[in-house]
Trainee: 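Handing you a structure now.
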Amino acid sequence: MRNHLTGPAPAPSSRRTAPRPPARRVRSLVLALSAVAALLFASAAPAAAYEPVGIVHTERVQAGPYNLTVGFSTWPLRAMRSLDFTFALEGGIAGKSGTLTRDAAGLDPDEHVAPLARHPRKLDVWGLDVQSFPDPGEVALTFAIDGPEGHGTGTLKHLTVLDQPGPPLSLSWSVCALPVLGLIAFLVIAWRRNEPARRLSELGI
């Protein structure tokens, strides 16, 4: 029986709520974005890891049957200045091994002899990454190489390491310490002017 007081029933609304994207679609989108980010990171990492090594000077060493080219990223050599060494062996380093002996002032005993290893940013040659000589003077590099052609030894002599660039290290440390010493002096003067001991005694502390 129709109720005349309430009137006719309202017509259904024509507006419909937009369906929400299913959870599976959201997960797929997140996975796709993660894969793209991982791909971009993987492609950028090797570019930073294998940044080219700039060589500005080379020297030749004959170690028995092996012809070695020693490269330096800075020249002339100066004490306390970091540089890269590369040791490029004619015919490549595959199937060969050896040691490097450095005769230089100021080196620790365990730094004198080290195995020849691939340069971390130039993997086709042996080398040293970010190294420095602590003191000026004469340096000799001796290479002992083993490979298919037997054993060979050669020395690069008369490398001169000059004094470190800029002012002496003691003067640099003194200049850097001046602000700290000035701050300490200021705090001592301020402490004496305020006389905290007398003020505490007046307060009965």
Trainee: Does I55 belong to the same Ile/Leu/Val/Met/Phe/Trp/Tyr cluster as F85, with side-chain heavy atoms less than 4.5 Å apart forming each link?
Mentor: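 Shared cluster, no.
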Trainee: Check side chain to side chain donor-acceptor pair (under 3.5 Å) between T155 and all other residues, then give those that pass, not counting sequence neighbours.
Mentor: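 For T155 the side chain to side chain donor-acceptor pair (under 3.5 Å) partners, ignoring immediate neighbours, are T142.
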Trainee: Which atoms form the tightest heavy-atom contact between P134 and A105, and what is the distance?
Mentor: CG-O, 3.6 Å
Trainee: Determine whether H119 and V53 satisfy the following criterion, side-chain contact (heavy atoms from CB on, under 4.5 Å), listing intermediate values before the conclusion.
Mentor: CA-CA 10 Å; H119 192 286; V53 180; 3.6 Å; yes
Trainee: Between CZ of R118 and CH2 of W126, what distance do you get to the nearest 0.5 Å?
Mentor: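 Reported to 0.5 Å precision, the distance equals 9.5 Å.
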Trainee: Could you tell me which non-hydrogen atom of V139 sits nearest to which non-hydrogen atom of A104, and how far apart they are?
Mentor: CG2-CB, 3.7 Å
Trainee: Measure the spacing between CZ of F133 and OG of S82 and express it to the nearest 0.5 Å.
Mentor: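 Reported value, rounded in 0.5 Å steps: 11.5 Å.
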Trainee: Is a side-chain donor or acceptor of Y66 paired with a backbone partner of G150 at a separation under 3.5 angstrom?
Mentor: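 Pair found, side chain donor or acceptor close to backbone of G150.
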Trainee: We want to know whether T160 and E138 form a side-chain donor-acceptor pair, criterion being a heavy-atom distance below 3.5 angstrom.
Mentor: yes
Trainee: Determine, using the 4.5 Å side-chain heavy-atom cutoff (strictly less than), whether V56 and V125 are members of one ILVMFWY cluster.
Mentor: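 Looking at the clustering, V125 is in a separate group from V56.
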Trainee: With sequence neighbours excluded, tell me which residues meet side chain to side chain donor-acceptor pair (under 3.5 Å) with T153.
Mentor: H151
Trainee: Can you tell if the side chain of K96 reaches within under 4.5 Å of the side chain of D146, non-hydrogen atoms only?
Mentor: no
Trainee: Does L77 belong to the same Ile/Leu/Val/Met/Phe/Trp/Tyr cluster as L100, with side-chain heavy atoms less than 4.5 Å apart forming each link?
Mentor: yes
Trainee: So does L128 get a backbone contact from the side chain of Q131, meaning a donor-acceptor N/O pair under 3.5 Å?
Mentor: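 No; judged by distance alone, with no hydrogens or angles, the pair does not exist.
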Trainee: Please name the pair of heavy atoms, one in P136 and one in D163, separated by the smallest distance, quoted to 0.1 Å.
Mentor: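 Shortest heavy-atom contact: CG-OD1, 3.2 Å.
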Trainee: Would you say that T99 contacts L116 through its side chain, given a criterion of any heavy-atom pair below 4.5 Å between the two side chains?
Mentor: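 Result no, sub-4.5 Å side-chain heavy-atom pair not found.
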Trainee: Rounded to the nearest 0.5 Å, what separation is found between the OG1 atom of T86 and the CG atom of L83?
Mentor: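 The distance works out to 10.0 Å.
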Trainee: Which pair of non-hydrogen atoms, one from D129 and one from P120, has the smallest distance, and what is that distance?
Mentor: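 Closest pair (atom of D129, atom of P120, distance): CB-CG, 3.4 Å.
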Trainee: Who are the side-chain contact (heavy atoms from CB on, under 4.5 Å) partners of L156, not counting sequence neighbours?
Mentor: E59, V61, V70, F72, L141, L159
Trainee: Can you confirm whether D124 sits close enough to I93 that some side-chain heavy atom of one is under 4.5 Å from a side-chain heavy atom of the other?
Mentor: no
Trainee: With side chains defined as the heavy atoms from C-beta onward, is the minimum distance between R102 and L107 less than 4.5 Å?
Mentor: yes
Trainee: Enumerate the side-chain hydrogen bond (donor to acceptor under 3.5 Å, both in side chains) contacts for residues 71-81, please, sequence neighbours excluded, ordered by first and then second residue.
Mentor: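 Output for this query is empty, none listed.
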Trainee: Sort and list the pairs that fulfil ring pair (Phe, Tyr, Trp, His ring centres under 6.0 Å) and have at least one residue in residues 86-115, not counting sequence neighbours.
Mentor: F87-F143
Trainee: Mind checking side chain to side chain donor-acceptor pair (under 3.5 Å) for Q62 and listing every partner two or more places apart, or none if nothing turns up?
Mentor: none
